[in-house]
Each structure stands twice: as structure tokens, then as C-alpha cells.
2 protein chains.
Amino acid sequence: MAKNVARPKNIRFAVIATDIVVFRIVAGELCVLLGKVNTSPYFINRWGVIGGLVLPKETVEKSAERLLQTKAGIGSMYKEQLYTFSSVDRDPRGRVVSVAHLGLAKESLRAGEGSMDIRWVSLRALPDLAYDHNEMVAMGLERLRARIGYTNIVQHLLPETFTLSELQALYEKVLNRKLDKRNFRKKVLKTRMIRKSGIMKKEGAMRPAALYEFASKAVKTVQIL
Amino acid sequence: MAKNVARPKNIRFAVIATDIVVFRIVAGELCVLLGKVNTSPYFINRWGVIGGLVLPKETVEKSAERLLQTKAGIGSMYKEQLYTFSSVDRDPRGRVVSVAHLGLAKESLRAGEGSMDIRWVSLRALPDLAYDHNEMVAMGLERLRARIGYTNIVQHLLPETFTLSELQALYEKVLNRKLDKRNFRKKVLKTRMIRKSGIMKKEGAMRPAALYEFASKAVKTVQIL
DNA sequence: TCAAAAGTGTTGTGCATACACCCATGC
DNA sequence: GCATGGGTGTATGCACAACACTTTTGA
């Protein structure tokens with residue numbers, strides 16, 4: 001290496017944190033998981049995504065998992081790294097570098113029910129969040145939109161079995177636009193990423209719908225849209 | 001938030017670092033910038049990508065810029081965040097969380113010339129690197145490959161003006177496969193991401209080639225391949 | 001006139017889009 | 001028999017892949 005640069009006396013000046021932008025469909029709406037933030041005097045009763053400090057003996061991924069568990073009572077879910085936010089003044093209390101994650105939760109999952117401090121909030125009614133969390137949510141949504149077009153990660157927002165109409169509705173929610181039913185079915189079946197479960201869904205006074213399941217739980221890239 | 005977790009007595013246990021995987025075409029080969037790593041007794045005379053500690057008053061992006069400047073004498077270049085590596089034992093000396101970046105350098109750029117500690121190394125002859133740097137390089141290459149297919153970032157590997165054959169050769173180097181000349185030209189021109197500069201390149205006993213330039217310096221997403 | 005790279009079009013095939021009606025069920 | 005969502009096919013145009021020869025220049 002060329003030359004040594006002046007080093008700060010204390011090289012451990014920063015705190016490492018992680019934040020998780022968790023999406024989930026709730027009552028037909030694409031929602032994000034928020035928790036109350038109270039870091040007086042800077043943020044009083046604001047909302048923010050779930051996050052917290054990384055511990056000395058855990059990776060940021062493990063930390064994200066632990067924080068979801070302890071702060072929102074959520075078990076395991078699909079997660080991927082999103083972006084690392086390192087603005088010097090992103091936390092008014094001091095230097096905090098946060099590794100943001102994208103998380104996807106199934107509708108069946110229950111989190112923070114009964115708690116006043118944890119809520120699923122529709123993206124169409126997103127408040128001003130603490131810190132740079134609005135930016136994180138925007139980035140998470142952008143990433144989700146991109147990735148459902150070429151991977152099978154939507155499965156993490158769906159139950160084990162689902163109808164094609166439900167799958168299409170989910171794509172439409174995430175992409176925020178209508179899709180053609182026949183073309184959607186052709187495309188999604190052509191990828192072979194889903195297959196018929198063999199079971200039918202009977203519900204109400206309607207023709208029963210075939211229930212499908214994902215062929216592989218591993219994240220795969222396939223051209224869908 | 002639900003409950004408080006036990007916090008470590010010193011929450012500032014970690015060091016934040018950044019590493020930059022810089023690609024550049026050198027003599028027709030796709031190369032990556034490496035520097036000598038000597039962290040006795042763990043790594044003696046190994047190679048690794050350029051990196052170092054983030055300072056208290058800089059973002060990781062600024063830090064990457066500074067480190068490239070001071071360690072390799074490189075000015076500004078295109079950079080984007082790649083991934084944050086946080087394995088607990090990725091650095092044998094202690095906990096270091098590193099935010100890796102992807103960098104692209106033009107062939108005209110000179111770095112570390114004359115230094116024994118800085119080298120551009122062909123990807124086809126990549127040695128065992130220090131830390132988790134092989135993983136970083138692999139991830140950087142994967143990202144570059146994906147992104148040249150749908151953005152105009154190749155421009156950062158090219159001089160201001162270039163011929164279509166040079167552009168195609170670059171795509172072939174990065175993707176490591178041959179492309180059809182006529183189809184390549186049609187596709188790349190259809191995106192309108194490049195345009196004729198109006199100048200011709202005369203060289204040797206050959207038909208002169210039209211020189212092209214990028215229409216926009218901003219990173220844009222366009223369907224290319 | 002030769003060597004070396006630049007430049008250029010057509011055709012077939014498959015894929016995407018647009019679009020509307022019948023089906024199965026429970027009440 | 002009606003209301004509700006489930007399920008299906010075709011025609012058209014567009015995009016992509018495969019493919020080979022002529023042009024321009026300097027030596």
C-alpha cells in the first residue's frame with residue numbers, strides 16, 4: 001500500500017445497526033412493518049422500520065433476525081441485504097452505520113398483534129418516518145418490484161398453496177398496475193416455477209379454483225414478466 | 001418497541017471498513033485492481049482489493065474515494081455499493097464490517113504504475129486473495145455482468161469516444177462470450193444510449209471506423225442485450 | 001491487389017400483446 | 001337462473017437470432 005494515512009485515535013467510533021423493511025400483504029394491501037421510535041428529544045412517537053444494534057458476535061443478517069424476533073415477535077422469513085446507509089448525521093445521537101435489509105412475510109404471519117408499538121402500514125398511507133427510513137422503504141419497494149420480475153421470491157409473500165388469481169393480484173399490488181389474465185397465466189406457467197398442487201379451492205358460490213405451489217423454495221432467477 | 005435486549009457494555013466494538021473491487025480493461029484483458037496486504041502474522045505478502053478504514057466524518061462512499069486516492073493514486077471513477085460483509089471472523093484481528101464497492105476505471109487511467117504493491121491482475125489469473133476478497137471480486141463481476149445488460153455503465157470502462165467494434169469487444173470481455181456483430185449494432189443503436197461523435201478513427205491500413213460517444217453520462221436503465 | 005477491419009439486410013421463428021366468451025358452483 | 005370468479009385460444013405484430021458479402025483504406 002502506498003502511504004499510511006493519519007488514523008483516528010479511536011478507530012471504533014461507530015455503531016453498527018441493521019434495519020429491516022418488511023413487506024406483507026394485509027387485507028389486500030401491500031404493507032410495511034413499522035415500530036414506534038422514541039429517541040427523545042429527536043424523535044418523539046415517530047414510526048420507523050424495525051431495527052437496532054448489531055452485537056459483537058453476530059453478523060448483520062443474524063442481527064436482523066434477532067431484532068425481528070425480539071421487537072416484533074416474528075420468526076424466520078425471507079431476507080436479503082438492501083443497502084448500507086452511512087451518512088454521518090443520519091442518526092442525531094452519533095455515528096451509526098446501518099445495513100438495511102428487505103424482508104418478505106407471509107400473510108399468515110402474525111406480528112405485533114395487540115401491541116400499540118408495532119403496526120403494518122399500507123404503502124399508500126406511509127407517514128414521515130424517523131431517520132432515513134422513508135428512503136429505505138422506497139428502496140425496498142423498488143428492489144421488490146425489480147426482483148419479482150426475474151426471480152421466484154414472491155413465494156415468500158404467499159401461503160403454501162394459492163390460486164393463479166391470487167398470484168396475479170399480488171403482482172398487481174406490488175407493481176401497482178393491472179395485468180392481462182390470460183397472458184399472465186401463460187407466462188408464469190411457462191417458467192415452470194409453479195405447479196398445480198392437485199388440490200382445489202372451494203369457496204362460496206363460485207367455480208372452484210386450482211391451487212398451485214412453488215416448485216422450488218430456493219431463490220431462482222427465471223424470466224417472468 | 002417490544003422489549004429491551006441486553007446491550008453490550010461497549011456498543012462501539014466494531015471497525016467499519018470499505019473495499020473497492022475496481023475493474024479496468026488492460027491490454028484487452030478484464031482486470032481487477034489489487035494491492036499488497038501485509039497483516040502479519042495472518043497475511044504475508046498476499047494480494048487483496050484496495051480498502052481500509054472509514055473515518056468518523058466520512059460516508060463509506062467518501063472513504064472509498066479517499067482510499068483509492070491515497071493507496072493507489074486514483075482520482076474519481078464510477079462507483080456503486082456492492083454488498084456489506086459482516087462475518088464475525090472475516091478479519092483475524094478483530095471485528096471489521098466492510099462495505100464493498102464496485103468501481104469502474106477507464107483504460108486511460110493510470111494507477112500504481114511503478115509501485116510493486118499495486119497491480120492490475122487479469123481475472124483469468126486471479127490468485128488467492130486475503131480476507132473474503134475473492135468473494136468480493138466474484139460478486140463484483142456478477143454485478144457488472146448483470147448491469148451492462150440493462151444500464152449504460154459500460155461507458156465508465158471506455159474512453160470518451162470509441163468504435164462499435166471496441167464497444168462490442170468490451171461486452172465480449174465482460175460477458176466472456178462472442179456476440180453477433182450485426183445484431184449487437186442493431187440493439188445497441190436502438191437504445192439510443194450512444195450516438196455518432198462525427199469523428200472518424202483512422203488507423204493503419206484499414207477502413208476508418210466511426211467514433212461514437214455516450215448520449216448521457218447519468219446512469220440510465222435501458223434494455224440492451 | 002492484398003490484408004484487415006468496417007459496415008450493412010433479410011428471413012424465419014418464436015414470443016408478447018390484445019382481446020371476449022363459456023364454465024362450474026352455491027344460493 | 002343468476003351472480004361470482006375460474007378458466008381458456010387465436011390472430012397479429014414485433015423482436016430476436018442466424019447468417020455472408022461488400023467497402024474502404026494503406027501498404
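Residue numbers begin at 1 in each chain, while the letters A, B, ... track the order of the sequences.
Donor-acceptor pairing under 3.5 Å is lacking for the side chains of A:S197 and A:E213.
A distance below 6.0 Å separates the ring centres of A:F162 and A:F214.
Annotation for A:K106: atom NZ counts as buried by contact number, over 12 foreign heavy atoms lying within 6.0 Å.
Looking at heavy-atom distances under 4.0 Å, B:K186 makes contact with a base. Within 4.0 Å (heavy atoms only), B:K181 reaches at least one base atom of the nucleic acid. Here B:K202 lies out of heavy-atom contact (under 4.0 Å) with every strand.
The aromatic rings of A:Y131 and A:H133 sit tilted, their planes meeting at an angle between 30° and 60°.
Nearest nucleotide to the side chain of A:R207, out of D:dG5, C:dT10, C:dG7: D:dG5. Ranking D:dG6, C:dG7, D:dA18 by closeness to the B:R185 side chain, first place goes to C:dG7. Listed candidates were D:dT23, C:dA4, C:dT10. Nearest to the side chain of B:M206 is C:dA4. Proximity note for B:A205 (side chain, C-beta onward) versus C:dA6, D:dG9, D:dA27: the nearest is D:dA27. Here C:dA18 is the nucleotide among C:dA18, D:dA17, D:dG6 with the atom lying nearest to any side-chain atom of A:N183.
Between the base of C:dA20 and the side chain of A:R182 there is a donor-acceptor pair shorter than 3.5 Å.
Atom pair B:K196:NZ and C:dA6:C1' shows a separation of 11 Å (rounding to whole Å applied). Spacing between atom NZ of A:K178 and atom C1' of C:dC19 amounts to 17 Å, rounded to whole angstrom units.
Side-chain N/O atoms of B:S165 include none lying less than 4.0 angstrom from OP1 or OP2 on C:dA5. In this structure, A:K201 does not reach the D:dG6 phosphate: none of its side-chain N or O atoms is under 4.0 Å from OP1 or OP2.
Of the two residues contacting DNA chain D, namely B:G204 and A:A209, the nearest-nucleotide position lying further toward the 5' end is that of A:A209.
For the residue pair A:M136 and A:S98, the shortest heavy atom distance occurs at CE-OG, 4.0 Å.
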